[in-house]
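Quick notes on the structure that follows.
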Amino acid sequence: MSEGKRVVVTGAAGYIGSGVCRKLLSAGFEVIGMDSLMYGAAGLLPLLVTPRFALVQLDIREHSRLEQELNRIRPFAVVHLAAIVGDPACKKMPEAARETNLAATRALFGAASKNGACRFIFASTCSNYGLSGADALLSEDDALNPLSLYAETKVEAERWLIENAVAHETYILRFGTAHGLSARMRFDLTVNEFARAIAMESQFDVYDSETWRPYCHVNDFAELICCICCDTQVRIGSNVFNVGSDRENYRKIDLINAIAKATSRTPRFADIGNGADRRNYRVSFARIANELKFKPRFGVAYSARQISEALGLRLFPPHGAHHANV
Ligand SMILES: NC(=O)c1ccc[n+]([C@@H]2O[C@H](COP(=O)([O-])OP(=O)(O)OC[C@H]3O[C@@H](n4cnc5c(N)ncnc54)[C@H](O)[C@@H]3O)[C@@H](O)[C@H]2O)c1
């Protein structure tokens, strides 16, 4: 079913993208990874020897080249992960963030539709919910409340896609905060950062320890994207889904305790109180569970053990270059 079908993955060399490419290849797709390689290509090195994989080194802000490539490739689906990711990176590169997360998303969607792509999958974020006052879990129909440039660009890109994707099959996936091992490792994500500090027995600071957020494993994102590419059901229009599971909503303090328990370590941290990041939200994943039968397999405890083991084996230099987005 997937044999010979081409899928373009933007942000292919990234933390999530490298695993998505690997998963699509194992399902039989032909995969064309597009990336400017701003954090290097380590995530893709194992795939470069795979016959059904090709890398196009491209900055998606070069709209005319992007269009030429899509015209040459004529993909069945486009998985759009390339972005300036996270509040600190967007703050540091505001112009690049707007151009990449917003203008290039529009250009990519236009070029994909013009060149016959049937499916467009856009990586958005649960950060779009920002700050919620209520205890109830937030659903896809609840109001968005972006608190940073990063979330603003994602919310605006979502709105544009919803307005323009009427006749196309478009998936807007609001990912929870990712965690777990990846060929392009990121230690600037909460679970990974805490797991590293606890594994290394380092002292660390925790801001806003009572705030809630949902977490989801990188392999589960890859599995979901692959299932969507394989799905024979056609869902025209914009399909918005929160991606994660209800039971993986954690307060930071609970996260630290879960990581410590999973790795049998004692965390050494200072609870600093309020920081600059006011995000606080608990999210419902009922829609994706019911409609796409998506059930994440890997929890926070699994990642904590794997990260601890990987650092113990010195598979990653603990503070290596390209292991954070700022
Ligand atoms: N990691 C998370 O916790 C998380 C949570 C929610 C949503 N997301 C979304 O998932 C996607 C992937 O996130 P990630 O964690 O893998 O990030 P990442 O920073 O590891 O990967 C992004 C990739 O995009 C590439 N890129 C950036 N600008 C580009 C440009 N102009 N042209 C071509 N390539 C460019 C980078 O080189 C990088 O390889 C992003 O869209 C992000 O917003 C991630």
Side-chain angles (χ1 to χ4, degrees), residues 8-21 32-45 55-63 65-66 69 78-90 92-93 95-105 107-108 121-129 146 148-158 161 171-193 213-222 224-225 241-244 248 279 281 283 300 303 322-326:
V8 162
V9 179
T10 72
Y15 177 65
I16 296 174
S18 49
V20 168
C21 291
I32 299 91
M34 285 187 183
D35 204 297
S36 59
L37 305 181
M38 63 189 289
Y39 305 114
L44 293 178
L45 285 182
L55 170 65
V56 176
Q57 185 173 0
L58 167 75
D59 188 320
I60 60 167
R61 292 175 295 171
E62 291 174 42
H63 297 184
R65 232 197 109 197
L66 184 63
E69 287 296 343
V78 172
V79 180
H80 180 32
L81 303 169
I84 303 300
V85 182
D87 305 352
C90 289
K92 195 170 156 196
M93 300 172 270
E95 208 168 314
R98 284 190 199 92
E99 288 170 4
T100 306
N101 301 6
L102 202 49
T105 297
L108 179 68
I121 301 170
F122 174 64
S124 191
T125 169
C126 285
S127 282
N128 293 351
Y129 295 113
S148 63
L149 174 60
Y150 172 56
E152 274 168 29
T153 60
K154 289 288 181 178
V155 168
E156 226 176 297
E158 278 195 11
L161 285 171
Y171 289 78
I172 293 171
L173 304 179
R174 290 184 189 149
F175 293 160
T177 302
H179 61 83
L181 289 181
S182 161
R184 190 258 148 164
M185 195 51 192
R186 282 187 63 189
F187 284 113
D188 56 340
L189 296 165
T190 312
V191 172
N192 299 354
E193 184 191 349
R213 240 166 273 170
Y215 297 89
C216 189
H217 196 281
V218 270
N219 290 0
D220 285 317
F221 291 140
L224 171 69
I225 287 169
F241 292 103
N242 295 332
V243 185
E248 292 286 310
R279 284 178 297 165
Y281 46 89
V283 176
V300 157
S303 281
H322 297 325
H323 287 167
N325 280 5
V326 277

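Residues: numbered from 1 along the sequence shown. Read the numbers this way: they start at 1 and go in the same order the structure lists the ligands and their atoms.
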Does ligand 1 have any atom that is closer than 4.0 Å to a heavy atom of [X]?
X: Ala96; answer: no
X: Leu58; answer: yes
X: Lys154; answer: yes
X: Ala89; answer: no

Please work out, at 4.0 Å between heavy atoms, whether the side chain, the backbone, both, or neither of [X] comes within that distance of ligand 1.
X: Ser124; result: backbone
X: Thr100; result: side chain
X: Val85; result: side chain
X: Arg186; result: side chain
X: Asn101; result: neither

So which heavy atom in the protein is nearest [atom], and how far is it from that ligand atom?
atom: atom 5 (C) of ligand 1; result: Gly176 O, 3.5 Å
atom: atom 11 (C) of ligand 1; result: Leu81 O, 3.3 Å
atom: atom 32 (N) of ligand 1; result: Ile60 N, 2.9 Å
atom: atom 31 (N) of ligand 1; result: Asp59 OD1, 2.9 Å
atom: atom 34 (N) of ligand 1; result: Ser36 N, 3.1 Å
atom: atom 22 (C) of ligand 1; result: Ala83 O, 3.9 Å

Could you list the atoms of ligand 1 found under 4.0 angstrom from a heavy atom of [X]?
X: Arg184; result: 18 (P), 19 (O), 20 (O)
X: Gly14; result: 16 (O), 20 (O), 21 (O), 39 (O)
X: Phe175; result: 5 (C), 6 (C), 7 (C), 8 (N), 10 (O)
X: Ala123; result: 9 (C), 10 (O), 11 (C), 41 (O)

Any [X] side-chain heavy atom under 4.5 Å of [Y] side chain:
X: Pro214; Y: Asn242; answer: no
X: Glu193; Y: Asp188; answer: no
X: Arg279; Y: Ser127; answer: yes

(message) Could you walk me through whether Met38 and Ile84 satisfy the side chain to side chain contact (heavy atoms under 4.5 Å, CB included) test, starting with their C-alpha distance in whole Å, then the side-chain angles of each, then the deciding distance to 0.1 Å, before giving a yes or no?
(response) CA-CA 10 Å; Met38 63 189 289; Ile84 303 300; 3.9 Å; yes
How long is the gap from [atom1] on [X] to [atom2] on [Y], to the nearest 0.5 Å?
X: Asn128; Y: Lys154; atom1: CG; atom2: NZ; result: 8.5 Å
X: Ile60; Y: Glu69; atom1: CD1; atom2: CD; result: 13.0 Å
X: Cys126; Y: Tyr281; atom1: SG; atom2: OH; result: 6.5 Å
X: Glu152; Y: Asn101; atom1: CD; atom2: CG; result: 11.5 Å

(request) Can you label the angle between the Phe122 ring and the His80 ring as parallel, tilted or perpendicular, going by 30° and 60°? (result)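 Correct class here is tilted.
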(message) Which label fits Tyr215 and His179: parallel for a plane angle under 30°, tilted from 30 to 60°, or perpendicular past 60°?
(response) tilted
Ignoring hydrogens and geometry, is there a side-chain-to-backbone donor-acceptor pair from [X] to [Y] under 3.5 Å?
X: Arg184; Y: His322; result: yes
X: Asp35; Y: Ala12; result: yes
X: Tyr15; Y: Gly180; result: yes
X: Ser148; Y: Ala151; result: yes

For ligand 1 and [X], I'd like to know whether there is a polar contact (N/O to N/O, distance under 3.5 Å).
X: Ile16; value: yes
X: His80; value: no
X: Ala178; value: yes
X: Ala82; value: no

(message) Minimum distance, heavy atoms only, to atom 8 (N) of ligand 1: which one of Phe221, Phe122, Tyr39, Tyr150 is it?
(response) Tyr150
(message) Could you work out, for atom 25 (C) of ligand 1, the closest of Asp35, Thr10, Val20, Asn325 by heavy-atom distance?
(response) Asp35
(request) Verify whether one side chain among Arg174 and Tyr129 offers a donor that lies under 3.5 Å from an acceptor in the other. (result) yes
